[in-house]
Amino acid sequence: RSLLNLSLILAFVPAAPDPNSDIDRLFSYGADPASEKQALEIVERALKTQPNDYELLCRAGRSYYNTGEGVADRDKVQYYNRGIAVGGRAVDQKKDGVEGHFWLAANHGGYCRVSGGIPLKSVKKVREGMETVLRLNDRYEEGSAYVALGEIDRQLPRLFGGDDKRAVA
């Protein structure tokens, strides 16, 4: 009888909300900075209770990158650095997870763009990360890894490994 009562009670208790659906609903690839920041707030809150959840870590990396794209130049590095931190944790959680590798490399790329000079260590991490993405799923994010690798070769001076022919290829 008590099991029946417990079953009836549990049937009417709402399930815990899934933060991933709210995050995905607000995600806009940077088109709506207010939505991006709201998604970031949700994912940061969720990570406090689920710090090793791969899906949340990937969404956090994505949100840090896209939020960073929409802020003043002086504030970008802090978002990319946070994206690098959560991206690294995502990759640690799932070595063959394309999302973790992609958003980790994207945040390294954002860092490269705003850090000044040529941060060769970060460029190497972008290249390695995007090459891993291509091995895992070359169609992820509509093949954006190819674009990232082409941009590295196009923008990097030949002395530091840039290659215009490889960029076009």
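What you see is a predicted model, and the numbers here were worked out from it, not measured in a lab.
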Can a donor-acceptor pair be found between the side chains of Ser28 and Glu36 at a distance below 3.5 Å?
-> yes
Non-hydrogen side-chain atoms of Asp73 and Lys76 separated by less than 4.5 Å | yes
Applying side-chain hydrogen bond (donor to acceptor under 3.5 Å, both in side chains) to Asp138 and not counting sequence neighbours gives Tyr146
Taking only Lys NZ, Arg NE, NH1 and NH2, and the carboxylate oxygens of Asp or Glu, determine whether Asp92 and Arg89 approach each other closer than 4.0 Å.
-> no
Could you walk me through whether Arg62 and Tyr29 pass side chain to side chain contact (heavy atoms under 4.5 Å, CB included), step by step?
-> CA-CA 9 Å; Arg62 181 181 72 181; Tyr29 285 97; 5.7 Å; no
Sub-4.5 Å side-chain heavy-atom contact between Arg45 and Pro19 = no
For residues Cys112 and Ser115, report the shortest heavy-atom separation together with the two atoms involved.
-> O-OG, 3.5 Å
With the side chain counted from C-beta on, respond yes when Tyr80 and Thr67 share a heavy-atom pair under 4.5 Å apart, and no when they do not.
-> no
Using a 4.5 Å side-chain heavy-atom cut-off and chaining through intermediate ILVMFWY residues, the residues clustered with Ile23 come out as Leu26, Leu40, Ile42, Val43, Leu47, Leu56, Leu57, Tyr64, Val71, Tyr79, Val86
Please report the shortest heavy-atom distance between Ala90 and Gly100, naming the atom on each side.
-> CB-CA, 4.1 Å
What one should report as the nearest heavy-atom pair of Leu156 and Val123 is CD2-CG1, 4.0 Å
Roughly how far apart are Ser144 OG and Arg139 CZ, rounded to 0.5 Å?
-> 14.0 Å
Those residues at least two apart in sequence (or on a different chain) that pass salt bridge (charged side-chain N to carboxylate O under 4.0 Å, His left out) with Glu128 are Lys124
Interatomic spacing from CG in Asn107 to CG in Asn66 - rounded to 0.5 Å = 9.0 Å
Answer yes or no: is there a side-chain heavy-atom contact under 4.5 Å between Val168 and Lys165?
-> no
Nearest non-hydrogen partners of Met130 and Ala106, listed with the distance | CE-N, 3.9 Å
Heavy-atom side-chain proximity of Tyr140 to His101 below 4.5 angstrom = no
Answer yes or no: are there more than 12 heavy-atom neighbours, outside Arg166 itself, under 6.0 Å from its atom CZ?
-> yes
Where Ala145 and Val133 come nearest, the two heavy atoms and their spacing = CB-CG1, 3.8 Å
Decide yes or no for Leu134 and Leu149: does some side-chain heavy atom of the first lie under 4.5 Å from some side-chain heavy atom of the second?
-> yes
Are the side chains of Ser35 and Phe27 in touch, meaning some heavy atoms are under 4.5 Å apart?
-> no
Pairing residues for Glu141 by the salt bridge (charged side-chain N to carboxylate O under 4.0 Å, His left out) criterion, not counting sequence neighbours = none
Who passes salt bridge (charged side-chain N to carboxylate O under 4.0 Å, His left out) against Arg127, sequence neighbours left out?
-> Asp153
Rounded to the nearest 0.5 Å, what separation is found between the OH atom of Tyr65 and the OH atom of Tyr111?
-> 15.5 Å
Of all heavy-atom pairs linking Val77 and Val114, the shortest is CG2-CG2, 3.4 Å
For Tyr54, which of Gln93, Lys94, Glu99 qualifies under side chain to side chain donor-acceptor pair (under 3.5 Å)?
-> Glu99
In plain terms, say whether Glu69 and Arg113 are close enough for a salt bridge, that is, a side-chain N and a carboxylate O under 4.0 Å apart.
-> yes
Salt bridge (charged side-chain N to carboxylate O under 4.0 Å, His left out) partners for Arg59, two or more places apart = Asp24, Glu55
